[in-house]
Amino acid sequence: MGELGAFLKIHRVGVPYRDPAERIAQDAYREFIVPRSDEELGAQGARCMECGVPFCHNGCPLGNLIPDWNDLVYRGRWQDAIQQLHATNNFPEFTGRLCPAPCEAACVLEIREGDAVSIKQIENSIIDRAWAEGWVAPQPPASETGFAVAVVGSGPAGMAAAQQLRRTGHRVVLFERDEAAGGLVRFGVPDFKIEKRVVERRVQQLVAEGVELRCGVDVGVDVTAEELREEFDAVVLAIGSRVPRDLPVPGRELDGVHFAMDYLYQRNRWVAAQHGPEPLAPVPDLPAITARDKHVIVIGGGDTGADCVGNSIREGARSVTQLELLPEPPASRPDERTPWPLWPQKFRLSYAMEEAREVGRGEQDYSIVTTHLEGEDGSVRRLHHARAEAAPPFGPVAGTEGSMEADLVLLAMGFVHPEHEGLVEDLGVDRDRRGNIKAGTYESSVEGVFAAGDARRGQSLIVWAINEGRQCARMVDRYLEGLRFREPIHAGNVEPADEGPEGPPAHVSGGLTAGDRAA
């Protein structure tokens with residue numbers, strides 16, 4: 001597995017990016033990842049040591065066969081590598097670009113912090129090479145089962161479920177209320193992290209495999225829950241966790257205070273209008289949200305907040321300040337809190353804040369709680385804050401109050417649960433205490449209705465979404481097979497031995513006919 005002792009001789013080389021100042025000035029919405037040569041990638045694959053227990057398997061929610069394709073890249077067997085990669089992951093170009101790589105945190109070499117095999121980089125290179133060589137092709141089913149499945153929501157979980165179910169032979173209809181498929185990968189993540197042609201080619205692969213795509217259809221409004229149950233044998237809810245966490249402070253109602261996703265959706269739609277791809281349904285006409293020439297405050301320190309920072313800088317914001325309620329994490333892995341192979345809770349400078357600082361327009365502050373917002377003529381003008389206490393509920397510390405200019409405030413504080421109004425309530429599925437759809441083994445409390453992704457487990461990683469879609473599809477397929485092979489119902493003295501091609505003997509009182517059994 002790999003080159004014997006290579007991890008001692010070859011140093012880790014991480015994912016290369018274009019220069020921060022360059023990438024926001026030239027081709028600002030083009031992906032900023034720089035590809036490496038086959039020789040460099042082969043050397044990084046050679047570092048994968050033949051460890052006794054590959055903890056990377058446990059670190060990856062998909063259970064990717066990481067040592068296998070690392071070794072294949074090292075040996076130049078790229079076509080074999082993509083077969084191994086696709087065996088567990090429907091969309092490795094999504095995870096290779098967007099996943100934070102918990103597999104690398106669990107790598108045995110990460111015991112020496114910062115020395116893990118560059119798994120994510122190799123994964124992304126395998127799938128990019130596969131597309132370039134024409135090795136990725138539609139895989140329509142060899143036969144049809146006669147069952148129909150509705151998948152509601154076309155994010156990574158919905159796309160993965162739809163693809164797995166279609167390849168099994170079921171008729172699959174993928175519903176999406178937005179104008180194009182892809183979910184938050186399409187509308188929430190900026191093009192400079194993943195260009196939408198990358199998403200669109202996977203959507204077209206689904207269509208070529210026979211998945212029917214219905215965009216611009218709001219299930220629960222345009223199609224009722226009753227109509228859905230009548231047309232389909234099973235329903236998969238992959239609707240995401242789309243209810244954002246709000247900021248309950250005075251001044252929240254002022255103009256210029258928006259949820260982060262409302263802003264990101266507009267920016268992605270603007271980029272799509274400039275560079276494509278074309279939407280499949282009409283684009284909503286919404287009031288514009290812009291950061292140009294404004295002092296922007298982003299509340300929330302996660303990936304969504306970083307994407308708001310990156311877009312604001314590219315739009316030409318006068319300044320961007322990112323506020324985080326929690327204390328600043330330590331610079332290195334805190335072994336007493338998150339020892340290897342757990343995901344380390346340590347400081348990571350985001351790509352976006354790196355760009356903002358490079359051009360002198362960015363600041364990031366920790367342990368900051370917003371106390372209220374001040375406005376002028378109905379629009380936000382200042383954000384008032386204080387130092388937050390170190391422990392929940394992170395209240396303001398007296399005597400630490402301050403304020404800053406704010407023309408645009410973006411709330412990127414995460415999501416609480418899927419939307420309940422409409423489809424979820426109409427279907428009558430149970431919900432857990434957090435408001436997510438309760439579906440322990442992917443089937444909800446309503447027979448034939450399943451849930452996957454953030455709608456089931458809460459806001460999580462893209463790699464978990466793909467895993468959930470795949471596992472949910474397996475359970476749906478098992479359920480549908482159960483419909484086909486239901487055990488016959490017996491009554492009176494009719495025993496299994498009496499069953500035959502013509503049904504029970506006609507003289508048996510109260511016996512079932514073949515038609516009854518089929519029903």
Side-chain angles (χ1 to χ4, degrees), residues 15 31 33 56 58-64 66 85-86 88-106 119-128 151 153-164 174 176 178 180-203 205-206 236-242 244 260-261 264-265 268 300 302-308 310 343 348 350-352 412 414-415 418 436 451-473:
V15 180
E31 287 182 7
I33 295 178
C56 56
N58 185 61
C60 175
L62 280 164
N64 280 336
I66 295 164
L85 186 50
H86 269 152
T88 57
N89 189 348
N90 296 66
F91 315 119
E93 62 269 55
F94 296 1
T95 53
R97 286 166 168 81
L98 304 177
C99 180
C103 54
E104 293 188 17
I119 299 167
K120 177 178 173 178
Q121 178 178 201
I122 295 171
E123 174 187 29
N124 203 39
S125 300
I126 293 171
I127 183 58
D128 283 353
V151 180
S154 69
M159 289 178 65
Q163 186 165 69
Q164 293 297 103
L174 184 58
E176 174 55 58
D178 290 321
L184 293 189
V185 177
R186 186 79 170 242
F187 293 102
V189 182
D191 278 59
F192 42 85
K193 288 174 68 176
I194 181 169
E195 293 176 12
K196 298 312 174 283
R197 61 175 180 82
V198 175
V199 181
E200 183 61 24
R201 66 189 180 189
R202 281 297 187 182
V203 173
Q205 183 190 28
L206 292 180
V236 175
L237 300 178
I239 56 178
S241 180
R242 295 293 299 275
M261 211 49 69
L264 294 177
Y265 260 63
N268 277 293
D303 287 342
T304 300
D307 294 342
C308 288
W343 176 255
R348 299 172 180 84
S350 71
Y351 76 91
F415 302 85
N436 300 317
D454 290 0
R456 187 189 84 95
R457 67 177 293 116
Q459 185 187 14
S460 191
L461 304 176
I462 185 173
V463 68
W464 271 114
I466 297 173
N467 170 272
E468 292 253 327
R470 290 173 62 89
Q471 296 301 325
C472 182

Problem set entry | Asn90 side chain reached by Gln164 side chain, heavy atoms, under 4.5 Å | yes
Problem set entry | Interatomic distance, Met261 atom CE to Leu184 atom CG [nearest 0.5 angstrom] | 5.0 Å
Exercise. Has Asp191 got more than 12 heavy atoms of other residues, nucleotides or ligands less than 6.0 Å from its CG?
Worked result: yes
Exercise. Can you check whether Ala181's main-chain N or O pairs, donor with acceptor, with Glu176's side chain at less than 3.5 Å?
Worked result: no
Problem set entry | Test item: Lys120 side-chain N/O and Cys99 main-chain N/O as donor-acceptor pair under 3.5 Å | yes
Exercise. What are the two closest heavy atoms between Glu31 and Ile194, and how far apart are they?
Worked result: OE2-CA, 3.4 Å
Seminar exercise, completed: Note: Pro102 and Leu461 closest approach over all heavy atoms is CG-CD1, 4.5 Å
For this session: Would you check if the side chain of Arg97 reaches a backbone N or O of Lys193 as a donor-acceptor pair within less than 3.5 Å?
Result: no
Exercise. Between the side chains of Tyr351 and Asp307, does any donor sit under 3.5 Å from an acceptor?
Worked result: yes
Exercise. Would a 4.5 Å heavy-atom cut-off, applied to side chains only, mark Cys60 and Ile66 as touching?
Worked result: yes
For this session: Hey, could you give me the SG/CG distance between Cys308 and Asp303, rounded to the nearest 0.5 Å?
Result: 11.0 Å
For this session: With rounding to the nearest 0.5 Å, note down the distance linking CG in Leu206 to CZ in Phe91.
Result: 5.5 Å
Exercise. Where do Gly63 and Thr88 come nearest, in terms of heavy atoms and distance?
Worked result: O-CG2, 3.8 Å
For this session: Measure the OG1-CZ distance between Thr304 and Phe415 for me, rounded to the nearest 0.5 Å.
Result: 5.0 Å
Problem set entry | Ser241 side chain to Ala455 backbone, donor-acceptor under 3.5 Å | no
Problem set entry | Listed partners of Glu200 passing side-chain hydrogen bond (donor to acceptor under 3.5 Å, both in side chains), at least two apart | Arg186, Gln204
For this session: Drop me the distance from Leu237's CG to Arg456's CZ, to the nearest 0.5 angstrom.
Result: 12.5 Å
Exercise. What closest approach, in Å, do Asp178 and Tyr265 show between heavy atoms, and which atom pair accounts for it?
Worked result: OD2-OH, 3.1 Å
Problem set entry | Heavy-atom side-chain proximity of Arg242 to Asp454 below 4.5 angstrom | no
Exercise. Is there a side-chain contact between His86 and Ile127 (heavy atoms, below 4.5 Å)?
Worked result: yes
Exercise. Between Asn268 and Lys196, is any pair of side-chain heavy atoms under 4.5 Å apart?
Worked result: yes
Seminar exercise, completed: Closest non-hydrogen atoms of Leu174 and Gly158, given as atom of the first, atom of the second and distance, are CD1-O, 4.0 Å
Seminar exercise, completed: Taken to the nearest 0.5 Å, the spacing of Gln163 CD from Arg202 CZ works out to 6.5 Å
Exercise. Is there a side-chain contact between Val203 and Met159 (heavy atoms, below 4.5 Å)?
Worked result: yes
For this session: With the side chain counted from C-beta on, respond yes when Ile122 and Ile126 share a heavy-atom pair under 4.5 Å apart, and no when they do not.
Result: yes
Seminar exercise, completed: Residues Pro156 and Val185: closest non-hydrogen pair is CG-CG2, 3.5 Å
Exercise. Does Glu468 reach the main-chain N or O of Ala452 with its side chain, forming a donor-acceptor pair under 3.5 Å?
Worked result: no
